[in-house]
Amino acid sequence: MQQETYETPHRSPLIAGIIAIAILVVLIGGVIALQKKDSKASAAGSASTKESAVSDQANTEDDTESGQPSNNTAVQGTSSGTFKNGTFSANSSYNTPGGTEGIAVTITLNGGTISDVSISLHANNRESVEYQDRFASHYKSFVVGKNIGDVQLSGVSGSSLTSRGFNDALAQIEQQAAQV
């Protein structure tokens, strides 16, 4: 009786190398994805103690007014100075993809604290009007009752560009009201 022998097929070293490289690529991709996730969570967790609030607005504005989401926040500064009591006004403009838009801000100060604020909005296109209107509906809660030197808005109701225009006008008012 003749005994049969079986030979174990040998994998080509080339195929083994390709498989090893594929496994490494998958592992490295997973590590990179975890690092990105961890760094985002760390950045969110290590945010400073600045005031922030999120409105229930679904539509948002980013720096290009493309509709990409951004949080509604009011950032508290650390300015400490003395300010004159009274009502002060300033105008500001800011650039959008649709052109230059404007905002006028009037603030009443009492002991450096903002007791009243009003804005006049000047938008030239429909999209900017929408962002400005959303900003106007929510900004006061971040401003009234705060020290003028502590107010710095960012993305109120998703309107980051209108917030920038407001901040610029606010800085002008802070200079007007500063006691020398």
Side-chain angles (χ1 to χ4, degrees), residues 39-40 42-179:
S39 71
K40 285 181 182 178
S42 174
S46 68
S48 65
T49 59
K50 298 177 180 179
E51 293 181 38
S52 67
V54 179
S55 94
D56 56 5
Q57 293 290 332
N59 297 324
T60 58
E61 170 189 26
D62 73 343
D63 290 356
T64 62
E65 288 195 29
S66 67
Q68 296 300 314
S70 67
N71 289 332
N72 303 318
T73 57
V75 180
Q76 184 171 356
T78 57
S79 174
S80 60
T82 55
F83 301 95
K84 299 178 234 174
N85 293 336
T87 300
F88 305 89
S89 297
N91 295 314
S92 177
S93 61
Y94 56 95
N95 293 321
T96 71
T100 301
E101 309 300 351
I103 183 171
V105 178
T106 300
I107 289 180
T108 302
L109 290 176
N110 187 4
T113 301
I114 300 170
S115 59
D116 192 26
V117 60
S118 64
I119 58 175
S120 177
L121 303 169
H122 309 284
N124 296 311
N125 70 58
R126 181 190 56 79
E127 188 174 16
S128 292
V129 168
E130 290 174 18
Y131 286 120
Q132 286 187 348
D133 287 346
R134 288 193 307 222
F135 176 88
S137 297
H138 295 94
Y139 80 99
K140 277 191 175 188
S141 65
F142 300 116
V143 179
V144 175
K146 311 283 190 228
N147 183 295
I148 187 170
D150 292 343
V151 176
Q152 183 73 26
L153 303 184
S154 173
V156 173
S157 297
S159 185
S160 61
L161 300 177
T162 307
S163 295
R164 286 183 190 170
F166 179 91
N167 291 339
D168 180 57
L170 184 67
Q172 294 174 48
I173 291 171
E174 190 172 352
Q175 289 178 348
Q176 293 172 25
Q179 289 189 341

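Keep in mind the model is a prediction, meaning the values are calculated, not measured. Keep in mind that the numbers below use all heavy atoms, side chains included, and drop hydrogens, waters and symmetry copies.
- Contact detail for Lys84 and Ala178: the closest heavy-atom pair is CE-O, 3.7 Å.
- Contact check for Thr108 versus Ile114: no side-chain heavy atoms found under the 4.5 Å cut-off.
- A distance of 7.0 Å separates OG of Ser115 from CG of Leu109, quoted to the nearest 0.5 Å.
- When atom types are taken as modelled, the side chain of Asn85 and the backbone of Gly111 share a donor-acceptor pair closer than 3.5 angstrom.
- Between the side chain of Gln132 and the backbone N or O of Gly102, at least one donor-acceptor pair lies under 3.5 Å.
- Rounding to the nearest 0.5 Å places OG1 of Thr96 at 8.0 Å from CG of Asn124.
- Contact record, Lys140 with Asp116: NZ-OD1, 4.3 Å, taken as the closest heavy-atom pair.
- In the model, Asn125 has a side-chain atom that pairs as donor or acceptor with a side-chain atom of Glu101 under 3.5 Å.
- Within the 4.5 Å cutoff, no side-chain heavy atoms of Leu170 are placed close to those of Val105.
- For the atom pair Arg164 CZ and Leu153 CG, the distance stands at 12.5 Å (nearest 0.5 Å).
- With no hydrogens or angles considered, a side-chain donor-acceptor pair links Asn95 and Thr100 at under 3.5 Å.
- Between the OG atom of Ser92 and the CD1 atom of Ile119 there is a distance of 12.0 Å, given to the nearest 0.5 Å.
- Rounded to the nearest 0.5 angstrom, Ser128 OG and Asp133 CG are separated by 10.5 Å.
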| request: Would you check, one step at a time, whether the test side-chain contact (heavy atoms from CB on, under 4.5 Å) holds for Thr162 with Val156? | output: CA-CA 8 Å; Thr162 307; Val156 173; over 6 Å; no
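- In summary, of the residues considered (Phe142, Tyr94, Phe166), a ring pair (Phe, Tyr, Trp, His ring centres under 6.0 Å) with Phe135 occurs for Phe166 alone.
- Asn91 and Ala104 make their closest contact through OD1-CB, 3.0 Å (heavy atoms, listed as atom of the first residue, atom of the second, distance).
- Taking a cutoff of 4.0 Å between a charged side-chain nitrogen and a carboxylate oxygen, Glu130 and Arg126 qualify as a salt bridge.
- Nearest approach of Glu174 to Phe83, heavy atoms of both residues: CG-CE2, 3.5 Å.
- The minimum heavy-atom distance linking Asn167 with Gln152 is given by the pair ND2-NE2, 3.0 Å.
- Ile107 CD1 to Ser89 OG: the interatomic distance, rounded to the nearest 0.5 Å, is 9.0 Å.
- Annotation for Ser157 and His138: closest pair OG-ND1, 2.7 Å, computed over non-hydrogen atoms.
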